[in-house]
Amino acid sequence: MRKSIAIFLFCCLSTMLYSQTQHLLVGTYTNSGKSEGIYTFEFDGQKGTATLSQATHSPNPSYLTLSPNQQFAYAVNESGDKSTVSAFRHEAKTGALEFLNQVDSEGNDPCFLIADQHHVLVANYSGGTLAVFKILEDGSLDSASQVIKHTGKSIDPNGRQESAHVHQVKFTPDGKYVIATDLGEDKVYTYSYHPKSKDSILRWKSVYTTQAGSGPRHFAFSPNGKFVYLVHEFTGKIQTLSYKKGKLTFVEEINTVAPDFKGKVDAADIHISADGKFLYETNRGDANTISVFAIAANGSLQAVETISTLGKGPRNFTIDPSGKFLLVANQSSDSIVIFNRDALTGKLTDSRNRIDCAVPVCLVFQN
């Protein structure tokens, strides 16, 4: 009897310890010669430390995503006119990746992608296109089923808006629509999503136009699906938009830098904590900061703090599954900084833990 109880307790303890370890996938740029491709780390959710477990060769895998069932991983290969999208089998227990196939991205420099059980959707920055790829039974990708090309431009004096630049694409929480930002056009497009259609998988629904020269980059949905928070790369401003049935409506706009800030902002990424209480946003350029905002019940934002990311070029960041840590990929200083996150206040403090990684760009935790 005692032996049975001991075995039971050991199994429970082992399960608890295993659940505290998460696989972290890191996408990088390889054209610097310092990185091999995609790195898999074992992240300790109690200590906030990480150990490298695998390096997977892939050219410029600057953005990654996992399929909903976690069995497959997909990566953009951001390489100009030779850009592709790669599919991998993902071993959930070990985090290992096995290459399946690679297809043309149907547009230069893909910078973002998403996946459901049917398709992978890719935002091609330089090409100004949104491409849809069918996922085959073994997880590999078929050639593009649909390619939508944006053709507009805007007024940025530095020449970054002389043509369309699709920067991010996401499903709406109800899965009925797909929203895509276009930094080059200062527009946000909403498409209705028809996964069982053979050719018109995405169909134009509406467009939201931002301030000329603002450069809409990334956005995040509130967990209740009622609000969208849109950050603009050139100005660093965050717009709160209400969302209903595929339509975006302006609510308010706030700054993420001080009024007297004179340098480049280069806003990068934006995410919301799982409980919907706090929003986080990073700025690169001359700022190199991460800002924290409290989210009110009506969706409005209240500034909590802005701190250094303790590195240069904070590109992507993520909150670990436990919510205790926030990890920032500082692309230009070859480091991933791990912050402690206070769930009550939203504030961040340096854990003093780092992950050494060459040119980190994208961070994805296995669910």
query = Any donor-acceptor pair under 3.5 Å linking the side chain of Asp320 with the backbone of Lys324?
reply = yes

query = If you draw a 6.0 Å radius around CD in Glu162, do more than 12 non-hydrogen atoms from other residues or ligands fall strictly inside?
reply = no

task = Please answer: with hydrophobic residues joined when any side-chain heavy atoms are less than 4.5 Å apart, are Tyr208 and Leu183 in the same cluster?
result = no

remark   = Distance col, row Leu100:CG vs Gln102:CD, nearest 0.5 angstrom, shows 11.5 Å

key: Over all atoms of both residues, closest heavy-atom pair of Gly45 and Ser322   = O-OG, 4.1 Å

ask   = Side chains of Thr65 and Val364: closer than 4.5 Å at any heavy-atom pair?
value = no

task = Going by the side-chain hydrogen bond (donor to acceptor under 3.5 Å, both in side chains) test, name the single residue among Thr289, Asn330, Thr282, Asn288 that passes it with Thr309.
result = Asn330

message = We want to know whether Asn108 and Ser83 form a side-chain donor-acceptor pair, criterion being a heavy-atom distance below 3.5 angstrom.
response = no

key: Validation row: His90, Gln71 side chains within 4.5 angstrom (heavy atoms)   = no

key: Test log, rule ring-ring contact (aromatic ring centres under 6.0 Å, His included), inputs Phe43 and Phe365   = CA-CA 9 Å; Phe43 184 80; Phe365 273 106; 5.3 Å; yes

message = Looking only at side-chain N and O atoms, does Ser351 offer a donor or acceptor that is under 3.5 Å from a partner on Asn340?
response = no

inquiry  = Please determine whether residues Tyr63 and Phe72 belong to a single hydrophobic cluster, defined as Ile, Leu, Val, Met, Phe, Trp and Tyr linked transitively by side-chain heavy-atom distances below 4.5 Å.
reply    = yes

note = CG (Leu97) and OG (Ser58) are apart, to the nearest 0.5 Å, by 9.5 Å

inquiry  = Side chains of Asp174 and Thr172 only: does a donor on one sit below 3.5 Å from an acceptor on the other?
reply    = yes

message = Does any part of the side chain of Tyr280, heavy atoms only, come nearer than 4.5 Å to the side chain of Leu326, both counted from C-beta?
response = yes

key: Minimum-distance pair of heavy atoms, taken over all atoms of Phe112 and Val169   = CE2-O, 3.3 Å

request  = Using the rule that two of Ile, Leu, Val, Met, Phe, Trp, Tyr join whenever any of their side-chain heavy atoms come within less than 4.5 Å, decide whether Val328 and Leu363 are in one cluster.
outcome  = no

ask   = Are any of the side-chain heavy atoms of Leu130 and Leu202 separated by less than 4.5 Å?
value = yes

inquiry  = Which heavy atom of Asn298 sits nearest to which heavy atom of Ser300, and what is that distance?
reply    = OD1-OG, 2.8 Å

ask   = Could you state the interatomic distance from OG (Ser214) to CZ (Phe234), rounded to the nearest 0.5 Å?
value = 8.5 Å

query = If we ignore angles and hydrogens, is there a donor and acceptor under 3.5 Å between the side chains of His57 and Glu36?
reply = yes

query = Other hydrophobic cluster members with Val361, side-chain heavy atoms of Ile/Leu/Val/Met/Phe/Trp/Tyr under 4.5 Å, chained?
reply = Tyr29, Val359

query = Strictly by modelled atom types, are Ser79 and Asn77 linked by a side-chain donor-acceptor pair under 3.5 Å?
reply = no

ask   = Would you say the side-chain atoms of Thr210 pair up with the backbone N or O of Pro216, donor to acceptor, closer than 3.5 Å?
value = no

ask   = Which value, rounded to the nearest 0.5 Å, describes the distance between Leu348 atom CG and Ile338 atom CD1?
value = 13.0 Å

ask   = Are Val26 and Cys362 side-chain neighbours, meaning at least one heavy-atom pair lies under 4.5 Å?
value = no

message = Just checking Glu305: does its CD atom have more than 12 heavy atoms from other residues, nucleotides or ligands closer to it than 6.0 angstrom?
response = yes

message = Could you tell me if Glu42 and His23 have a donor-acceptor pair between their side chains, going purely by distance under 3.5 Å?
response = yes

Non-hydrogen atoms of Pro321 and Gln366 that approach each other most closely = CG-O, 4.3 Å

request  = Can you sort out the partners of Arg354 under side-chain contact (heavy atoms from CB on, under 4.5 Å), two or more places apart, ordered by chain and number?
outcome  = Leu310, Val337, Asp350

query = Can you check whether Arg217's main-chain N or O pairs, donor with acceptor, with His232's side chain at less than 3.5 Å?
reply = no

request  = Grab the two heavy atoms, one from Arg160 and one from His165, that are nearest each other, plus how far apart they are.
outcome  = O-CD2, 3.0 Å

ask   = Honestly curious: do Ile272 and Val304 fall in one hydrophobic cluster under the side-chain, below-4.5 Å linking rule?
value = no

request  = Could you walk me through whether Lys247 and Thr190 pass the side chain to side chain contact (heavy atoms under 4.5 Å, CB included) test, one step at a time?
outcome  = CA-CA 7 Å; Lys247 185 178 181 181; Thr190 300; over 6 Å; no

Criterion ring-ring contact (aromatic ring centres under 6.0 Å, His included) on Phe221 and Tyr243, from CA distance to verdict = CA-CA 9 Å; Phe221 266 97; Tyr243 170 79; 5.3 Å; yes

message = Looking at Asp269 and Arg315, is there a salt bridge between them, counting it only when a charged N and a carboxylate O are closer than 4.0 Å?
response = no

task = Compute whether any side-chain donor of one residue and acceptor of the other, for Tyr189 and His150, lie under 3.5 angstrom apart.
result = no

query = Are any side-chain N or O atoms of Thr30 and backbone N or O atoms of Gly37, one a donor and one an acceptor, separated by less than 3.5 Å?
reply = no

request  = Would you check if the side chain of Asp104 reaches a backbone N or O of Glu106 as a donor-acceptor pair within less than 3.5 Å?
outcome  = yes

ask   = With side chains defined as the heavy atoms from C-beta onward, is the minimum distance between Ile307 and Phe339 less than 4.5 Å?
value = yes

message = If you compare all heavy atoms of Gly299 against all heavy atoms of Tyr229, which two are closest, and at what distance to 0.1 Å?
response = O-OH, 2.7 Å

inquiry  = So, taking the atom named CD1 in Ile38 and the one named OG1 in Thr56, what distance separates them when rounded to the nearest 0.5 Å?
reply    = 6.0 Å

key: Between CD on residue Glu281 and CZ on residue Phe317, distance to nearest 0.5 Å   = 7.5 Å

Test log, rule side chain to side chain donor-acceptor pair (under 3.5 Å), inputs Asn69 and Ser67 = CA-CA 5 Å; Asn69 61 12; Ser67 61; 2.7 Å; yes

ask   = Do you see a donor-acceptor pair shorter than 3.5 Å between the side chains of Thr256 and Asn283?
value = yes

query = Would Phe171 and Tyr193 count as a close aromatic pair, with their ring centres under 6.0 Å?
reply = yes

Non-hydrogen side-chain atoms of Ile238 and Glu253 separated by less than 4.5 Å = no

query = Does some side-chain heavy atom of Asp334 sit less than 4.5 Å from a side-chain heavy atom of Lys34?
reply = yes

message = Under a 3.5 Å distance rule, please check whether Gln168 uses its side chain to pair with a backbone N or O of Phe219 as donor and acceptor.
response = yes

ask   = Is the Tyr125-His167 ring centre distance short of 6.0 angstrom?
value = yes

request  = Using atom types as modelled and distance alone, determine if a side-chain donor or acceptor of Glu185 lies under 3.5 Å from a backbone N or O of Gly152.
outcome  = yes

inquiry  = Strictly distance-based, threshold 3.5 Å: is any side-chain N or O of Lys347 a donor or acceptor partner for the main-chain N or O of Val292?
reply    = no

query = Under a 4.5 Å side-chain heavy-atom rule over Ile, Leu, Val, Met, Phe, Trp and Tyr, are Leu241 and Tyr191 clustered together?
reply = no

message = Can you tell me if Lys226 has over 12 outside heavy atoms packed within less than 6.0 Å of its NZ?
response = no

Donor-acceptor side-chain pairing of Thr49 and Asn353 below 3.5 angstrom = no

key: Short side-chain donor-acceptor distance under 3.5 Å, Thr209 and Lys187   = yes

query = Distance-only, no hydrogens or angles: does the Thr235 side chain make a donor-acceptor pair with backbone N or O of Lys237 under 3.5 Å?
reply = yes

query = Is it true that a side-chain atom of Asp186 and a backbone atom of Ser154 form a donor plus acceptor pair closer than 3.5 Å?
reply = no

